[in-house]
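Reminder, nothing fancy here: chain letters follow the sequence lines and each chain counts from 1. What you see is a predicted model; the values in this text were computed from it and never measured.
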Amino acid sequence: MAKTYDCLFKLLLIGDSGVGKTSILFRFSEDAFNISFISTIGIDFKIRTIDLDGKKVKLQIWDTAGQERFRTITTAYYRGSMGIMLVYDVTNEKSFENIKNWIRNIEENASADVEKMILGNKCDLDDKRQVSKERGEQLAIDYQIKFVETSAKDSLNVEYAFYTLARDIKAKMEKKQEASNPPGARSGAHVLRASDQQRKPPSWLSRCSLL
Amino acid sequence: MDDDLPTDFQVIVVGTGMVESIVAAACSRIHKNVLHLDSSDHYGGLWASYNFDGLQKFIKEVNSDPEKQVQVYNLREQWYIEKESPSEEEKGEAKEDGKTEPSKKIWSQASFAAEYRKFNIDMTPKLLFSRGPLVELLISSNIARYAEFRCVTRVLTWLDDHLVPVPCSRADVFATEAVGIVEKRMLMKMLTSIVAYNEEEMNNEFKDWNDKTFKEYLTHKGLTPNLIHYVLFAIAGGTDAMPCLEGVRECKKFLMSLGRYGNTPFLWPMYGSGELPQCFCRLCAVFGGVYCLNRPIDSVETKTVEEGKTKVVIESKSKTLNCEHLVIGINECPKDLVSPEPAETCDISKAVFITNGTIMKSEKEPLTLLRFPPLVEGGGAVTVLEVGPATGSCPKGLFVVYFITNKVSDAETDLRPYADKIFDLSGGDQTEETDKPKCLWSLFYNVKDTSGAAGSAAAGVHVCSGPDAGLDFDRAVEQAEQIFKKICPGEEFLPRAPDPEEIVFEDDVTHGPEFQREDEDADGDAKE
């Protein structure tokens, strides 16, 4: 099977329940907004391949599967992630304050050089706003992370956010590859697939002409 | 924060060990309403992996809490290196490819602490047979997408006071100079009959060997002492007393898993065995399972609601939780609910070592299974697993080595003689060129073997056993499936979860996602 992309980035969405992580994911991957889903049943990750400076970049974006609800995200969720979208809800002060806790969680579990970006979602709901844009910007400056306000509902800045994060990851990767040649320290690890089954039979069973 | 935790579920699972997590995933997958709790703040229970900081906390916790020492006891941690590094700019990073070490890094307790996150140390390290039940389950359920694995690169044994590689594949057997051509024929013939062994229709080859040892069989087959050693100790993982048919079964398992992924029949999970329960938890959550850690339970009560129907009532942090079925890890379970009293089993002696090099040099970073024959009269065989930085287990320049055996006296007495054979346990200058790698840190501990007990005294309560001493996860998978079948008779055990590409959402519908399978191609890569 021919590869239809040049590189694959694993991205994560992190943030409190109800801030709109799944909506952002759907806006970006399906260009759809469905107000009806409140929790995240059945949604594991979504895929969209984008074009970045002539390269096909496959983005595999993982949702929390609701495990953020009682702060029970598995450490396995963070493995191999290259970029993380930290999402809060501009109409929910608590979700904004919790961004600091989520950053601590990331520092504890994700790779040290993971790219991060903060999203203040639901910026269409201006009349219910509790967190000003300036406070979001200040938080981002404090942590030296990029920031943008988004609206999954109005499709505002969602594309921009993912493209920005992907571009930053790509730039970091290229810089790293220049420094040391081996592409990715994790090469050589297996993902088990059904298709592996068709590989050679147990070698003891195969006939040996010597015997 | 826990206040909005719902109270009524079809299935409540307490404990996030391997068996509990598989059952949770299986129930949630067929749309049972599942709540999954754990009394501690991390996943895995006794099956967990810890970073170095987490491990220190775990040791402290156990040593200060007599109640915890029912499961884990005789903990003994030891450092072989200084608290602080001697001087600053003497270290010199370990080279990426490991070829040349102009100046070996000098490790200190402080440098371990500084890199604590790079460690993933397993409490229950286990391997997967490439064609074993767990690999097949991970693939058929599509849970394999949450994990990555590395192949074990070599199998070693201890022969004539040396480490020796065991020829694993047919090619290895023919390439090795240690075995003559006549022996090779004999070995191949014998292994072929082992592969043909079938328990149901006991074939002629083994029908008279029921009450004899595997060693007698191998001797009878005319194998030379070296070959007997390879087959009995390294391939079957046995001892002189191993019954013949058990040896045959173990060998067959080994042989059947060859040739799938690498040169040996084994896989090791990236970042450690503790990742695997979490993969099942993820699937459970994806299908709606609710997760809550740090949530001990205070009491369990069962009530008969109507004829043949029970309700299980759980008190947890002054909240009442109700369910039809409670699945509970034996370590979290009130004693009166376990029945019959677990039989006196042989506990497990374990040790973890962190060293500054591999036990036997090789071109690429090795991932090693070493099987020691018993070195003392009456002792058991010892299984050793050595994993390196490429598995995500430790920082560059180090190796983590696990020892497992059945307990005879205590972990340290049981295992130190074996460690002495392959490590330099004397401390001292780390840059010194030695035959054996220097041990920098070690931990000995005993674990209660609860794998035999799994009975429950009450309807609606299903008790899961703890980790066993075995090399693989086969018993955990088997037990999880049995429990699932009791809770959901007639239902499929972990049917394949769809790939994200296969889930089609209709616009503007209010009901949940519908699953639609497009084609049988399991590999989503080529689909865009």
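Rounding to the nearest 0.5 Å places CG of B:N142 at 11.0 Å from CG of A:L192. Atom CG in B:L5 sits 4.5 Å away from atom CZ in A:F70 (nearest 0.5 Å). Once rounded to the nearest 0.5 Å, the distance linking SG of B:C292 with CD of A:Q67 reads 11.5 Å. To the nearest 0.5 angstrom, B:R295 atom CZ is 12.0 Å from A:T72 atom OG1.
Relative to the six-membered ring of B:Y291, A:R69 misses at least one condition, a distance below 6.0 Å or an angle of at most 45° to the axis.
A salt bridge between B:R117 and A:E108 is absent, with no side-chain N of the basic residue lying under 4.0 Å from a carboxylate O of the acidic one.
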For the pair B:F149 and A:V191, evaluate side chain to side chain contact (heavy atoms under 4.5 Å, CB included) and give the outcome as yes or no after the intermediate values. CA-CA 6 Å; B:F149 297 87; A:V191 177; over 6 Å; no
Run the side chain to side chain contact (heavy atoms under 4.5 Å, CB included) test on A:D44 and B:Y146 for me, step by step, so that the C-alpha distance in whole Å, both residues' side-chain angles and the decisive distance to 0.1 Å come before the verdict. CA-CA 10 Å; A:D44 214 346; B:Y146 302 136; 2.2 Å; yes
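Heavy-atom distances place no part of A:L8 under 4.5 Å from chain B, backbone and side chain included. For B:L267, the part lying under 4.5 angstrom from a heavy atom of chain A is the side chain only. Of the atoms belonging to B:N51, it is side-chain heavy atoms, and not backbone ones, that fall under 4.5 Å from chain A. For A:T75, the parts sitting under 4.5 Å from any heavy atom of chain B are the backbone and the side chain alike.
Residue A:K172 places its NZ atom among more than 12 non-hydrogen atoms of other residues, nucleotides or ligands, all under 6.0 Å distant.
Each of B:M270, B:E275, B:Q278 was evaluated against A:R79; a single residue qualifies, B:E275, per the side-chain contact (heavy atoms from CB on, under 4.5 Å) test.
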